[in-house]
Amino acid sequence: MSTGTGTRGGLRAEGLRFGLVVSRFNQFITERLLAAAVETLRAAGAADAALEIVHVPGSFEIPLAAKELALTGRVNAIVCIGCVLRGETTHYDYVCTESARGIMLAQMDTGVPMIFCVLTCDTLEQAIDRAGLKGGNKGAEAALAAIEVANLARKLSPTAAGGRGKPRRSR
Ligand code: INI
């Protein structure tokens with residue numbers, strides 16, 4: 001069997017609906033990630049009306065908002081956007097760990113694909129590089145991943161992934 005065979009998600013977004021849950025903490029970075037994600041989704045054919053943006057205070061609050069949005073059944077995939085910068089204390093570790101774990105739990109609970117676009121950086125400079133300067137923009141990469149997994153979810157389980165079918169669990 002050739003490795004070229006198999007099921008893949010496409011990279012077109014017509015007819016798909018996306019949630020974008022974005023943290024205000026380190027907004028200087030997260031608004032740039034959000035802008036690139038929205039631009040990429042539009043360029044792939046997503047309609048403006050198919051994009052639902054939800055704002056939360058910090059990355060720690062992303063998982064619950066993403067889960068609630070998934071449970072509405074209105075979206076096929078969700079891009080979770082945040083930026084955690086290492087400080088003097090261990091707070092960074094808790095926020096990173098729980099945000100990542102919560103987003104994973106939310107997607108496994110609901111069956112709606114969620115993309116982890118939470119930057120976890122030692123310095124502001126590293127974050128700036130990943131939000132549009134040297135390292136490209138992780139928001140754009142996250143949007144492409146969202147399109148791919150939304151298409152894949154439809155193929156693998158047309159009635160279970162959000163949007164066209166029902167999310168797997170209510171509360
Ligand atoms: N939230 C972030 O998104 N990034 C951070 O760097 C950050 N730091 O450094 O504290 C942060 N903290 C807030 C946290 O996400 C919650 O909003 C807060 O703890 C209230 O629950």
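Counting convention: from 1, in listed order, for ligands and their atoms alike.
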Please table the atom pairs, donor to acceptor, closer than 3.5 Å between any side-chain atom in residues 84-93 and protein atoms at least two apart or in another chain.
from	atom 1	to	atom 2	distance (Å)
Arg86	NE	Asp122	OD1	2.9
Thr89	OG1	His91	N	3.2

Just list the side-chain donor-acceptor pairs under 3.5 Å for residues 46-61, sequence neighbours left out, or say none.
from	atom 1	to	atom 2	distance (Å)
Asp48	OD1	Arg42	NE	2.5
Asp48	OD1	Arg42	NH2	3.4
Glu52	OE1	Arg74	NE	3.0
Glu52	OE2	Arg74	NE	3.3
Glu52	OE2	Arg74	NH2	2.6
Glu61	OE1	Gly58	N	3.0

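Looking only at distances, no side-chain donor or acceptor of Glu148 sits under 3.5 Å from a matching main-chain atom of Leu11. Listed for the Lys155 side chain is a donor-acceptor partner under 3.5 Å among the backbone atoms of Arg8.
The local environment of CZ in Arg101 is sparse, with at most 12 non-hydrogen atoms from other residues, nucleotides or ligands closer than 6.0 Å.
For ligand 1, the protein residues placed under 4.0 Å by at least one non-hydrogen atom are Ser23, Phe25, Asn26, Gly58, Ser59, Phe60, Glu61, Cys83, Val84, Leu85, His91, Val95.
Screening residues 20-33 for side-chain hydrogen bond (donor to acceptor under 3.5 Å, both in side chains) gives no qualifying pairs among residues at least two apart or on separate chains.
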